[in-house]
Amino acid sequence: MFSSFKTPINWARHAVYADRSIIVLNKPPGLVCQGSLTNGQKPRDADKFNDLLHDLKDHFKLDNLPYAVHRLDKSTTGALVLAKNIVAARQLARQFQSRTVEKTYLALVRGGDKSFPTRSGEIKDAIEINSDGRVSIGERCDADFAATDWELVASSRKIPLSLLRLTLHTGLKHQLRVHLAHSLHTPILGDALYSRKLISEKVTRVIRVPEHRVFLHASRLTISRFKKAGPSKHIRLGIAAALPADFVAICNDAGIELDPMTISGGLFVDDKPLDGCDIEDLQGKWLRPRRSATGWT
């Protein structure tokens, strides 16, 4: 007789950085970043996030569960920061509320080089949530202001597919997905909610797009941290989360080149890449392998 017992998931393996106050995860697709009750009901898949918090508590030997201070959409991958204690949680929450946290995303979008009028730009179209829960470009006077910067990193020469770097200035629901689909008219690959048009055969002949997979990645999160000593105690700490393997595979198949830091992730201090894996003043440590010009370290 077979047992119905399932082997617990090792959620701690998704941690990419930790120091005395925070833990940063490379969030996998499909994870709901909310374990609490919503309207008296637990969100679908909320147990996974609660399991993650308990696993991190045990792995990092914390006195309490880590605190979630922001969210990523269920389909979005990438850098997600958690606070180890309530003091750190309040400090991070203030940074998010004052919009001093820099949030950079990478997206594979449907459209080649000719789809873009320039190499970069800014979208300031307001958005609103409709009665069915979907988000659209706002037409009412009470629509919420939303701002997104975009930069064309590269376009495939084989198929109409491009890689964009996005800077999120306001964090509204599905903002990037709506801005790219309805303002820039280059929907994110795999986003069937905001683009009902079938993916071009030119694309599907070259790459395989998994079902229920939206290729939007929270690539880098930059926050303010304070060292205990030194002439300049304030630093800007950037944590770059490695691209998922399927994202990298599609770029390779499409002929879109990626730099090593984008592939493997890493740390930045005051916008400069950190050569090592430790930040002693913060008791910080990079927890994943890194790819350099000479290979993986």
Side-chain angles (χ1 to χ4, degrees), residues 26-30 72-79 103-123 125 148-168 174-220 240-266 273 288-296:
N26 191 349
K27 175 190 166 301
L72 294 176
D73 287 344
K74 180 179 179 179
S75 58
T76 303
T77 58
K103 295 168 281 188
T104 304
Y105 290 73
L106 290 172
L108 282 171
V109 300
R110 295 163 57 182
D113 184 71
K114 295 181 180 179
S115 299
F116 305 93
T118 59
R119 301 292 297 184
S120 62
E122 185 179 29
I123 303 169
D125 291 336
T148 302
D149 288 345
W150 64 270
E151 176 191 356
L152 178 60
V153 178
S155 292
S156 171
R157 295 183 179 181
K158 300 179 181 179
I159 55 178
L161 192 71
S162 297
L163 178 67
L164 297 186
R165 181 178 291 112
L166 309 165
T167 301
L168 188 66
H174 294 180
Q175 174 182 323
L176 296 178
R177 296 168 66 178
V178 172
H179 272 176
L180 292 181
H182 296 165
S183 299
L184 205 56
H185 306 294
T186 54
I188 298 174
L189 183 67
D191 190 352
L193 181 61
Y194 295 106
S195 178
R196 301 295 176 89
K197 188 177 179 180
L198 293 177
I199 299 175
S200 167
E201 288 188 9
K202 294 179 181 179
V203 173
T204 56
R205 282 200 300 262
V206 175
I207 63 173
R208 187 184 71 83
V209 183
E211 285 190 71
H212 311 299
R213 179 74 171 91
V214 178
F215 284 87
L216 177 63
H217 180 70
S219 174
R220 183 168 157 186
L243 279 175
D246 58 355
F247 199 123
V248 175
I250 286 178
C251 289
N252 289 339
D253 292 341
I256 295 175
E257 293 188 8
L258 301 167
D259 65 77
M261 182 70 90
T262 298
I263 296 174
S264 64
R288 306 300 300 165
R290 292 177 58 187
R291 187 175 182 178
S292 64
T294 57
W296 291 91

Using the side-chain hydrogen bond (donor to acceptor under 3.5 Å, both in side chains) criterion, which residues pair with S155? Sequence neighbours excluded. S162
Please report the closest heavy-atom contact between V209 and G190, naming both atoms and the distance. CG1-CA, 4.4 Å
For the residue pair S115 and P117, what are the closest heavy atoms and their distance? O-CD, 3.9 Å
Hits for side-chain hydrogen bond (donor to acceptor under 3.5 Å, both in side chains) against S183, two or more places apart or cross-chain, chain-then-number order -> D125
Smallest separation among heavy atoms of A218 and A241, with atom names: O-CB, 4.1 Å
Answer whether the closest heavy-atom distance between the side chains of L161 and L108 falls below 4.5 Å. yes
The single option from I123, L166, L184 that satisfies side chain to side chain contact (heavy atoms under 4.5 Å, CB included) with H179 is I123
How many angstroms lie between CG in L106 and CD1 in I188, if you round to the nearest 0.5 Å? 11.0 Å
Salt bridge check, R119 against D113: does any charged N sit closer than 4.0 Å to a carboxylate O? yes
Please list, chain by chain and in numerical order, all residues satisfying salt bridge (charged side-chain N to carboxylate O under 4.0 Å, His left out) with D149, sequence neighbours excluded. none
Which ring-ring contact (aromatic ring centres under 6.0 Å, His included) pairs, counting each pair once, include a residue from residues 184-213, with sequence neighbours left out? H174-Y194
Measure the shortest side-chain to side-chain distance between T104 and R165 over non-hydrogen atoms and say whether it is less than 4.5 angstrom. yes
Of all residues at least two apart in sequence or in a different chain, which pass the salt bridge (charged side-chain N to carboxylate O under 4.0 Å, His left out) check with R157? none
Heavy-atom side-chain proximity of Q175 to L168 below 4.5 angstrom: yes
In the structure I gave you, are the side-chain heavy atoms of T186 and R110 within less than 4.5 Å of one another anywhere? no
Any side-chain heavy-atom pair of V153 and L258 under 4.5 Å: no
Of the non-hydrogen atoms in K74 and K27, which two are nearest, and what is the gap between them? O-NZ, 3.0 Å
V109 and L189, any side-chain heavy atoms less than 4.5 Å apart: no
I need the minimum non-hydrogen distance between S156 and A254, along with the two atoms involved. OG-O, 2.5 Å
At what distance, to the nearest 0.5 angstrom, does CG of L243 lie from CD1 of I250? 11.0 Å
Show which side-chain atoms of residues 199-207 pair as donor or acceptor with protein atoms under 3.5 Å away, not counting sequence neighbours.
{"residue": "S200", "atom": "OG", "partner": "K202", "partner atom": "N", "Å": "3.1"}
{"residue": "T204", "atom": "OG1", "partner": "E201", "partner atom": "O", "Å": "3.4"}

Taking only residues two or more places apart in sequence or in another chain, which ones pass side-chain contact (heavy atoms from CB on, under 4.5 Å) with P244? T77, R213, H217, D246, F247
For T76, all residues meeting side-chain hydrogen bond (donor to acceptor under 3.5 Å, both in side chains), sequence neighbours excluded: none
According to the side chain to side chain donor-acceptor pair (under 3.5 Å) rule, which pairs have a member within residues 247-258, sequence neighbours left out? none
Under a 4.5 Å cut-off applied to non-hydrogen side-chain atoms, are T262 and V248 in contact? no
Starting at CG of L216, measure out to OG of S75 and round the result to the nearest 0.5 Å. 7.0 Å
Counterpart residues, salt bridge (charged side-chain N to carboxylate O under 4.0 Å, His left out), relative to D191 (two or more places apart): R177
Residues two or more places apart in sequence or in another chain: which of them pass side-chain hydrogen bond (donor to acceptor under 3.5 Å, both in side chains) with S219? none
If you define the side chain from C-beta out and look only at heavy atoms, does anything of T167 sit under 4.5 Å from W150? no
Residue set satisfying ring pair (Phe, Tyr, Trp, His ring centres under 6.0 Å) with Y105, at least two apart, ordered chain then number -> none
